[in-house]
Amino acid sequence: MSLAKWTVGLMAGMSMLAFAAPADAGEVRVTVAEYSAKTGPYFQDVKKEFEAANPGITVKFEVVPWEVLLQKLTTDITAGTNADLSIIGTRWLIDFVQQDVAEPLDGYITPDFKDRFIDTFLSPSIMEGKTYGLPIAASARAMYYNKELFEKAGIAKPPATWTELQEDARKIKALGSGTFGFGLQGKEIETDVYYYYAMWSQGTEILNKDGTSGLGTQGALDAAKLYKSMIDEGLTEPGVTSNNREDVQNLFKQGKVGMMITAPFLSNQIKEEAPNLKYGVAAIPAGPTGARGTYGVTDSIIMFKNSKNKDEAWKLLDFLFTKEQRAKFTQGEGFLPVNKEEAKMDYYVNNADLAAFTALLPDARFAPVIPGWEEIAQITSDAMQKIYLGSAEPEAALKEAAEKANGVLKK
Amino acid sequence: MQNRFLPYLLTLPSLFLAAVVIFWPVWDLIQISTHDVSRFGQLRDFSGLTNFSALFADPDFMAALWRTGLWTVLVVGGALLLSIPVAMILNTDFYGRGLARVIIMLPWAVSLTMTAVVWRWALNGESGMLNSALMGLGLISQNIQWLASAETAFPMQVLIGILVTVPFTTTIFLGGLSSIPDDLYEAAALEGATPLQLFREITFPLLKPFINIAIVLNTIYVFNSFPIIWVMTQGGPANSTDILVTHLYKLAFRIGKLGEASAVSLVMFAILLVFTMIYVRLAMREQRT
């Protein structure tokens, strides 16, 4: 009988069948996420430089697309064939710690080493007083706006509040010719985050003080209604639920969208793909009480507990977190500096775009450190899509989502 | 003595292979689905059928289950309906037949994921090819947001599913058609049979075994087909285009519920197994009579 391809089972089965790579003494295997086309070449250079400086240690980088990273790690860990080090989303770290697969690094970290980091970015990787990961990539979100469209529409400066943003979006819409005021993301990864920008400005947090989901609050409802009213009024691009982050960024690069919220790497992309686009970077708009929030993200590099070459692996980490290596990586990928000395380099100090991002860091929220976070993010994204589509009323969708999220939180 | 065991002995190698590739993973799945399991697959307490009951209590799973049925019936049915005439045309002798065959087979040569990626671009609301083509033809005056809601996304996915299933199905039918001897048609034509009669009385009955094969194989492929839906909508918006495989992938690798995901995959396995057994039996009975 010709048979089915079962995703989970077959993969788990096959990876167990696959020959486990023999752990050579002195070989450090590292799983890294492919952030852009520059990631692979960067780590190839690291391999060359590090191996030349450390004879006897060989490094093997496995570059994995970001979308399949968690899947690869899950199957590798299940089969016991995981690498020595891996990049992970810091929001997954709690699972790795609770399942006891991540090695605490405190035994290796000297005060000097710790002092290299900017605290805001190191702290999400610290759990129960132990440092389980080092921030290899850090990012935040800010608002990009198209200066040319703003000028044409007679808008002097980027909006400071959501009310101003709505007015500006109306003016940009009035320009006609296929321009949209506000780029709203409604598909795939970070659909929930795009909603939090509005929610945070209402003073609502992802988790209430008592640990329940914030989705059931008035602030969450106001934020959802704000976005929904903008969709209904035609202030966003049409077909919100068919546009993921890249789609909205493409519209921005084409000069079709007046404003959008995204990460620093858009600046790098614009430089390469749309060098003539006149844009600015500003703070995320504030709510009625002046509250505002941006999303802070770090990815951590962790060491696995079952690694047989921990000392060698640490040497590599030490090398990766030197100022020179950090600068090369961060600037290539368009991330924010995590290294204090690096942050003082001219590249960052004289960069207006990046300054707008770093100015927002005091308002940065990181994904809450709770098990089941991915599920809550999924629940929130689903609820938002229903609201954007109009297939559910905001009140009903949020109430349902809050109940589901609370169910996950209770576990 | 020797004669009795020889057949078993001869099938042993393939049986062994099947055991490694099929039975072992299924056994593993049963283990995972009946235990409380960590997100990295470590088994904890035995939990009986809680993972299964959690599934059937989940409206998203039930919706995905029905949608999978619809998806399979529409894609397999559509591909069959389209492939029979295509195969019959390609079976006749005409100038440029070789080229026509290549064109029909071409989608098969492209990986499913790539096809889906290209369609995702083509269906983009603002810069997609399809909208600009329809606009250019004057058929629409406003861009259609194809992938924004299930009402337009799912039919498009079904159409693409049909498109990529046609080449394989056509190949099966071409093989079937070439096995029908020409004298049958000649004799019938001499008796004054109309083309419709030729099809109903000769082509279709003799093609039936091949249609059965096409139905069984396509059902298995389409039921499990992941790339088209995943690449285009990831089962969204709000799970409204999810089929069982995409639902399973999200459960396992996004949310980390390996237990429930294994249960989904066992349910899928069971459905396909039952379908195939019933269908093969029915088809065989028909052939004997």
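The structure presented is a predicted model; accordingly, all values stated were derived computationally and were not measured. In what follows, chains are A, B, ... by sequence order, proteins preceding strands, each numbered from 1.
- Under a 3.5 Å cut-off, the side chain of A/Thr78 and the backbone N or O of B/Phe40 do form a donor-acceptor pair.
- Side chain of A/Ser242 to main chain of B/Leu147: no donor-acceptor pair is present (N/O by atom type, distance under 3.5 Å, no hydrogens or angles).
- Between chain B and the options A/Trp373, A/Trp92, A/Phe180, heavy-atom pairs under 4.5 Å are most frequent for A/Phe180.
- Contacts of A/Tyr388 with chain B are absent, with no heavy-atom separation under 4.5 Å from either backbone or side chain.
- Residue contact with chain A, scored on non-hydrogen atoms closer than 4.5 Å, involves the side chain of B/Asn124 exclusively.
- Contact tally against chain B (heavy-atom pairs below 4.5 Å) for A/Glu374, A/Glu237, A/Gln99: the top residue is A/Gln99.
- At most 12 non-hydrogen atoms from other residues, nucleotides or ligands lie less than 6.0 angstrom from CE of B/Met129.
- Note that NZ of A/Lys386 is 7.5 Å distant from CG of B/Asn239, once rounded to the nearest 0.5 Å.
- With a threshold of 4.5 angstrom between heavy atoms, A/Glu375 approaches chain B through its backbone and through its side chain.
- Interatomic distance, CH2 of B/Trp230 versus CD of A/Glu67, reported as 10.0 Å (0.5 Å rounding).
- When the shell of 6.0 Å around CD of A/Glu393 is examined, it contains 12 or fewer heavy atoms from other residues, nucleotides or ligands.
- Residues B/Tyr249 and A/Gln71 are in side-chain contact: their nearest non-hydrogen atoms beyond the backbone lie under 4.5 Å apart.
- Heavy atoms of B/Glu126 lying under 4.5 Å from chain A belong to its backbone as well as its side chain.
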Practice item. Output, in order, the C-alpha distance, side-chain angles, deciding distance and verdict of side-chain contact (heavy atoms from CB on, under 4.5 Å) for B/Gln234 and A/Lys187. Key: CA-CA 9 Å; B/Gln234 295 197 351; A/Lys187 189 181 180 185; 5.8 Å; no
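- Heavy-atom distances place no part of A/Ile376 under 4.5 Å from chain B, backbone and side chain included.
- Scanning both residues, B/Ala148 and A/Leu389, for their nearest heavy atoms gives O-CD2, 3.2 Å.
- Summarising the geometry, atom OG belonging to B/Ser38 is positioned 10.5 Å from atom CD belonging to A/Gln98; distances are rounded to the nearest 0.5 Å.
- Using a 4.5 Å cut-off between heavy atoms, A/Val101 touches chain B through its side chain atoms alone.
- Distance check, rounded to the nearest 0.5 Å: CG of A/Asp100 to CD of B/Gln42 gives 9.0 Å.
- A/Glu188 and B/Arg254 are not joined by a salt bridge, as no carboxylate oxygen comes within less than 4.0 angstrom of a charged side-chain nitrogen.
- In this structure, the side chains of B/Leu258 and A/Thr74 come closer than 4.5 Å at one or more pairs of heavy atoms.
- No more than 12 heavy-atom neighbours from other residues, nucleotides or ligands sit within 6.0 angstrom of CH2 on B/Trp119.
- With rounding to the nearest 0.5 Å, the separation of OG in B/Ser127 from CG in A/Asp247 is 8.0 Å.
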